[in-house]
Amino acid sequence: QVQLVESGGGLVQPGGPLRPSCTVSGLSHNIYIMGWYRPTPTNTRDFVADISTLGTTIYADPVKGRFTISRDSTKDTVYLQMGRLKVEDRGVYYCKLVVSRSPDYWGQGVPVTVSS
């Protein structure tokens, strides 16, 4: 079965870095997209960034220039290098896996607390 396990959340001061990761297991496909989402005040989830197995990346405007998404294909792991964090970046970050003709998969979420 497919599982997404996230780690690397925590507390960071404004302006600091954090690098959560998401590792997928049980996936037989070798072409997929993995990305990161975070909650909104209205209980929806905003897109943050994603990366395909081809290396193509997309970023949401609020994080462009501050966040970098990357992957390690040998470990089926995606990272979100967050830099220059702002208080408004706080929230639970969820990893998402998109595979063609399959339901989306979500990680359990990792908390990102930005506070001085």
Set of side-chain contact (heavy atoms from CB on, under 4.5 Å) partners for Q13, sequence neighbours left out: none

Residues forming a side chain to side chain donor-acceptor pair (under 3.5 Å) with [X], sequence neighbours excluded:
X    : answer
K86  : none
Y79  : K75
D89  : R38, R66
S116 : none

All pairs passing ring pair (Phe, Tyr, Trp, His ring centres under 6.0 Å) where residues 14-64 contributes a residue, at least two apart: Y37-F47, Y37-W106

Inter-residue atom distance L4.CG - Q108.CD, 0.5 Å rounding: 8.5 Å

Interatomic distance, K64 atom NZ to I58 atom CD1 [nearest 0.5 angstrom]: 9.5 Å

Where at least one partner belongs to residues 44-58, residue pairs that pass side chain to side chain donor-acceptor pair (under 3.5 Å), sequence neighbours excluded: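 Listed by first then second residue: T40-T44.
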
Inter- and intrachain pairs under side chain to side chain donor-acceptor pair (under 3.5 Å), touching residues 17-26, at least two apart: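 Matches after skipping sequence neighbours: S7-S21, T23-T77.
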
Qualifying disulfide bond (SG atoms under 2.5 Å apart) pairs, either residue in residues 43-92, two or more places apart: none

Listed once per pair and sorted, the disulfide bond (SG atoms under 2.5 Å apart) pairs that draw on residues 22-116, sequence neighbours left out: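 Listed once each, the pairs are C22-C95.
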
ILVMFWY cluster membership beyond I33 - transitive side-chain contacts under 4.5 angstrom: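 When side chains under 4.5 Å apart are linked, the cluster holding I33 also contains V98.
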
Members besides V5 in its Ile/Leu/Val/Met/Phe/Trp/Tyr cluster (side-chain heavy atoms under 4.5 Å):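 Noted: V5 shares its cluster with no other residue.
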
